[in-house]
Student: 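One structure, pasted below without further comment.
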Amino acid sequence: MKYSSVGTTGIEASRMILGCMRMAGLSTQEAAKVLSATREHGINFYDHADIYGGGQSEEVFAAAAKEIGLKRDDIFLQSKVGIRKGFFDFSKEHILTAVDGILERLETDYLDFLLLHRPDTLVEPEEVAAAFEQLQQSGKVRHFGVSNQNPMQIELLQKFVPMKLQANQLQFGPAHTPMIDAGFYVNTLSDAATSRDGSILDYSRLHDMTIQPWSPFLVDLDKGLFIKHPDYQKLTATLTRYATTYDVTLEAIVMAWILRHPAKMQPIAGSMNPERISGMVRGTEIELSREEWYDIYLSAGNSLP
C-alpha cells in the first residue's frame with residue numbers, strides 16, 4: 001500500500017479508503033474478517049456516514065475493530081453528516097447532535113475527519129462555522145471537509161469556516177467522468193464542453209483539497225455498475241484485457257486508473273468481500289502508461305477533440 005497526505009493536514013493515509021456503507025449487513029465476525037484484510041494490506045482509512053445502515057454500520061465497525069484489536073491510534077476514521085429523511089440539514093444543532101451519535105456508535109472520542117454529506121441549499125455558513133469550531137475545540141473532530149460540492153459552495157463555506165476544508169467526496173470512475181470531460185473540450189461548441197461541476201478537479205488541485213472518489217464501478221445511481229451495463233461492454237473488455245496483462249483483477253485496474261491521475265485522489269472501495277479488497281489493493285502498485293489511461297477513458301464511450 002502506498003500512502004499520501006490528505007489535503008494539507010500532513011496525515012499520511014492509505015491511498016485507498018474502505019467505505020463502510022454496507023457493513024450494516026454483516027455480523028461482527030464477518031466485519032472482523034473485512035477489517036483484518038484491510039489491516040493486512042495497509043489500509044488505515046475508513047469512511048462512514050451517520051445514515052449508513054441507520055447508524056448500524058458504525059456500530060458493527062466498532063464491534064469488529066474491538067474483535068481484532070484494531071488500535072484507534074493506527075487508523076483514521078471519517079464520517080459524514082447532513083442527510084436526514086426527506087431533507088438536508090447543515091444546522092449547528094444537527095451537526096453537533098449527529099457527531100455525538102457517531103462518536104458513541106464508533107466507540108471513539110474523536111473523528112479524524114468530518115464531512116458535510118450532500119449540499120444543503122438552506123445552509124447558513126455561520127452556523128457550520130460555529131459547529132466546526134466547537135467540535136474542534138472540544139477535540140471531537142480534528143479535520144473537516146465536504147461531499148459532492150462544487151467550488152462556489154466550498155468557497156461560500158470557506159468564507160466563514162476558519163479551518164481549511166481538506167477533502168471532497170465526488171463520484172468518479174471510468175464510466176463516470178464529468179470531472180474531466182469538459183476540460184478536453186474547452187473553447188468548443190461541443191456538448192462535451194459543458195461544465196457540470198464548476199471545474200472542481202482544477203479547483204481541488206489548486207487548493208490542495210483531496211478528492212475521494214466514491215462508487216468507482218458505478219455509471220450512476222440509476223444505471224448501476226458498468227460491468228453489467230450493455231452500454232459499457234467495450235470498457236469492461238478493455239479493463240479485462242489490462243487485468244490480464246498485469247495479472248490483477250478488473251477492480252485493481254479501475255483503482256490504478258483513478259490513482260494514475262496526478263490529482264492524487266484517494267478512492268473509496270465499498271466492498272465487504274476480503275478477497276475483492278485484496279484484489280483492489282494491487283491496483284495501488286500499478287502505474288498505467290499515459291496511452292493505457294487514455295485507452296480506458298475512450299473505451300467508456302468518451303471522445304477527444
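Note: hydrogens, waters and symmetry copies are ignored here, and every other heavy atom, side chains too, is used.
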Student: Testing the basics here: between Pro216 and Ile268, what is the closest heavy-atom pair and its distance to 0.1 Å?
Tutor: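 Distance-wise, the nearest heavy atoms are CD-O, 3.5 Å.
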Student: Please confirm whether the backbone N or O of Arg260 pairs with a side-chain atom of Glu287, one donor and one acceptor, at under 3.5 Å?
Tutor: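 Pair absent, no side-chain N/O of Glu287 close to backbone of Arg260.
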Student: Rounded to the nearest 0.5 Å, how far does CD of Glu251 lie from CZ of Arg282?
Tutor: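 Reported value, rounded in 0.5 Å steps: 13.0 Å.
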Student: Are the side chain of Thr210 and the backbone N or O of Ala167 linked by a donor-acceptor pair below 3.5 Å?
Tutor: no
Student: So, does Ser57 use its side chain to make a donor-acceptor pair with the main chain of Cys20 at under 3.5 Å?
Tutor: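 Side chain of Ser57 to backbone of Cys20, a donor-acceptor pair under 3.5 Å: yes, one is there.
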Student: Is it the case that the side chain of Arg15 and the backbone of Met265 share a donor-acceptor pair, with hydrogens and angles ignored and the cut-off at 3.5 Å?
Tutor: yes
Student: Of all the heavy-atom pairs spanning Met280 and Ala269, show the shortest one and how long it is.
Tutor: SD-CB, 3.6 Å
Student: Going by heavy atoms in the side chains, are Leu239 and Trp257 under 4.5 Å from each other?
Tutor: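 Not touching, per the 4.5 Å side-chain cut-off.
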Student: Give the cluster check for Ile68 versus Ile75: same hydrophobic cluster or not, with ILVMFWY residues linked at side-chain heavy-atom distances below 4.5 Å.
Tutor: yes
Student: Give a yes or no on whether the backbone of Gln137 and the side-chain of Gln134 come within a donor-acceptor separation of less than 3.5 Å.
Tutor: no
Student: Indicate yes or no: at least one non-hydrogen side-chain atom of Ile277 is less than 4.5 angstrom from one of Glu40.
Tutor: no
Student: What are the two closest heavy atoms between Asn148 and Leu170, and how far apart are they?
Tutor: CA-CD2, 3.8 Å
Student: What's the verdict on side-chain contact (heavy atoms from CB on, under 4.5 Å) for Leu135 and Leu96, showing C-alpha distance, side-chain angles and the deciding distance?
Tutor: CA-CA 7 Å; Leu135 290 169; Leu96 295 177; 3.7 Å; yes
Student: Can you tell me which residue among Val219, Leu218, Asp220 is in a side chain to side chain contact (heavy atoms under 4.5 Å, CB included) with Asp222?
Tutor: Asp220
Student: Evaluate side-chain contact (heavy atoms from CB on, under 4.5 Å) for Ser278 paired with His41, printing each intermediate quantity in order.
Tutor: CA-CA 7 Å; Ser278 298; His41 293 290; 2.8 Å; yes
Student: Classify the ring geometry between Tyr297 and Trp293 as parallel (under 30°), tilted (30 to 60°) or perpendicular (over 60°).
Tutor: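 Geometry flag for Trp293 against Tyr297: parallel rings.
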Student: Do the side chains of Lys264 and Asp208 get close enough for a salt bridge, i.e. N-O under 4.0 angstrom?
Tutor: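 Looking at Lys264 and Asp208, the cut-off is not met.
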Student: Taking atom CD of Glu67 and atom NZ of Lys33, what is their separation to the nearest 0.5 Å?
Tutor: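 It is 11.0 Å, given to the nearest 0.5 Å.
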Student: Just verifying a value: how many Å separate Met16 CE and Gln212 CD, rounded to the nearest 0.5 Å?
Tutor: 13.0 Å
Student: Counting neighbours of CG on Asp74 that are heavy atoms of other residues, nucleotides or ligands and sit closer than 6.0 Å, is the number greater than 12?
Tutor: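 Check passes, neighbour count above 12.
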Student: Any side-chain donor paired with an acceptor under 3.5 Å for Ser303 and Tyr185?
Tutor: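 A pair is found: one side chain offers a donor N or O, the other an acceptor, under 3.5 Å apart.
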Student: Taking the six-membered ring for Trp, are Tyr52 and Phe61 ring centroids under 6.0 Å apart?
Tutor: no
Student: Side chain of Glu12, backbone of Val6: donor and acceptor closer than 3.5 Å?
Tutor: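 Checked: no pair found.
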Student: Take Ile11 and His143 through the side-chain contact (heavy atoms from CB on, under 4.5 Å) test and state the conclusion after the steps.
Tutor: CA-CA 10 Å; Ile11 288 175; His143 304 285; 3.7 Å; yes
Student: Please indicate whether Glu275 has more than 12 foreign heavy atoms, meaning atoms of other residues, nucleotides or ligands, lying under 6.0 Å from its CD.
Tutor: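 No - once you tally the heavy atoms of other residues, nucleotides and ligands closer than 6.0 Å, there are 12 at most.
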Student: Picking from Thr284, Ile17, Thr38, what satisfies side chain to side chain contact (heavy atoms under 4.5 Å, CB included) with Ile43?
Tutor: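 For Ile43, the side chain to side chain contact (heavy atoms under 4.5 Å, CB included) test succeeds with only one of Thr284, Ile17, Thr38, which is Thr38.
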Student: Same cluster for Met179 and Leu259 if Ile/Leu/Val/Met/Phe/Trp/Tyr side chains link at under 4.5 Å?
Tutor: no
Student: Are the side chain of Asn150 and the backbone N or O of Gly198 linked by a donor-acceptor pair below 3.5 Å?
Tutor: no
Student: Run the side-chain contact (heavy atoms from CB on, under 4.5 Å) test on Ile102 and His48 for me, step by step, so that the C-alpha distance in whole Å, both residues' side-chain angles and the decisive distance to 0.1 Å come before the verdict.
Tutor: CA-CA 9 Å; Ile102 290 168; His48 294 270; 6.0 Å; no
Student: So does Tyr110 get a backbone contact from the side chain of Arg72, meaning a donor-acceptor N/O pair under 3.5 Å?
Tutor: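 Confirmed, Arg72 side chain pairs with Tyr110 backbone.
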Student: Is there a side-chain contact between Asp112 and Thr9, using heavy atoms and a 4.5 Å cut-off?
Tutor: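 SC-SC contact between Asp112 and Thr9 ruled out.
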Student: Check whether NZ of the Lys or CZ of the Arg Arg142 lies under 6.0 Å from the centre of the six-membered ring of Phe76 and within 45 degrees of that ring's axis.
Tutor: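 The answer is no; the distance or angle limit is not met.
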Student: Evaluate whether atom CZ of Arg22 has more than 12 neighbouring non-hydrogen atoms of other residues, nucleotides or ligands under 6.0 angstrom away.
Tutor: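 Count not over threshold, so no.
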Student: Is there a side-chain contact between Val123 and Leu157 in this structure, where contact means two heavy atoms from C-beta onward sitting under 4.5 Å apart?
Tutor: yes
Student: Please check if any side-chain donor atom of Ser271 sits under 3.5 Å from a side-chain acceptor atom of Asn273, or the reverse.
Tutor: no
Student: Can you name the nearest heavy-atom pair linking Gln171 to Ser215, along with the distance?
Tutor: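 Smallest heavy-atom distance, with atoms named: NE2-O, 3.9 Å.
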Student: Nearest 0.5 angstrom please: Gln78 CD to Phe45 CZ, how far?
Tutor: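 Rounded to the nearest 0.5 Å, the CD-CZ separation comes out at 4.0 Å.
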Student: Using distance alone, with no hydrogens and no angle criterion, decide if Tyr242 and Asp295 have a side-chain donor and acceptor under 3.5 Å apart.
Tutor: yes
Student: Verify, without hydrogens or angle tests, whether Lys164 (side chain) and His207 (backbone) share a donor-acceptor contact under 3.5 angstrom.
Tutor: yes
Student: Work out which heavy atom in Lys234 is nearest to a heavy atom in Ser299; give both atom names and the distance.
Tutor: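 Between these two residues, the closest heavy atoms are CB-O, 3.7 Å.
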Student: Could you check if a side-chain atom of Lys66 sits within less than 4.5 angstrom of a side-chain atom of Thr28, using non-hydrogen atoms only?
Tutor: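 No, their side chains stay 4.5 Å or more apart.
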Student: Of all the heavy-atom pairs spanning Ser79 and Leu111, show the shortest one and how long it is.
Tutor: CB-CD1, 4.1 Å
Student: Could you check if a side-chain atom of Phe90 sits within less than 4.5 angstrom of a side-chain atom of His117, using non-hydrogen atoms only?
Tutor: no
Student: Is there a chain of hydrophobic side chains (I, L, V, M, F, W, Y, each step under 4.5 Å between heavy atoms) that links Leu116 to Phe88?
Tutor: no
Student: Does Phe184 belong to the same Ile/Leu/Val/Met/Phe/Trp/Tyr cluster as Leu298, with side-chain heavy atoms less than 4.5 Å apart forming each link?
Tutor: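 As far as the 4.5 Å side-chain criterion goes, Leu298 and Phe184 are connected within one cluster.
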Student: Would Phe172 end up clustered with Ile286 when hydrophobic side chains under 4.5 Å apart are linked, directly or stepwise?
Tutor: yes
Student: Roughly how far, to the nearest 0.5 Å, is the CD atom of Glu133 from the CE atom of Met163?
Tutor: 5.5 Å
Student: Measure the shortest side-chain to side-chain distance between Tyr246 and Ile253 over non-hydrogen atoms and say whether it is less than 4.5 angstrom.
Tutor: yes
Student: Using 0.5 Å steps for rounding, measure from the CG atom of Asp181 to the NE2 atom of His176.
Tutor: 9.0 Å
Student: Tell me if the CG atom of Leu189 is crowded by more than 12 foreign heavy atoms within 6.0 Å.
Tutor: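 Open.
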Student: Without swapping roles, check the side chain of Asn168 against the backbone of Met209 for a donor-acceptor pair under 3.5 Å.
Tutor: no
Student: Side-chain contact test, heavy atoms from C-beta onward, threshold under 4.5 Å: evaluate it for His261 versus Ile211 and give yes or no.
Tutor: no
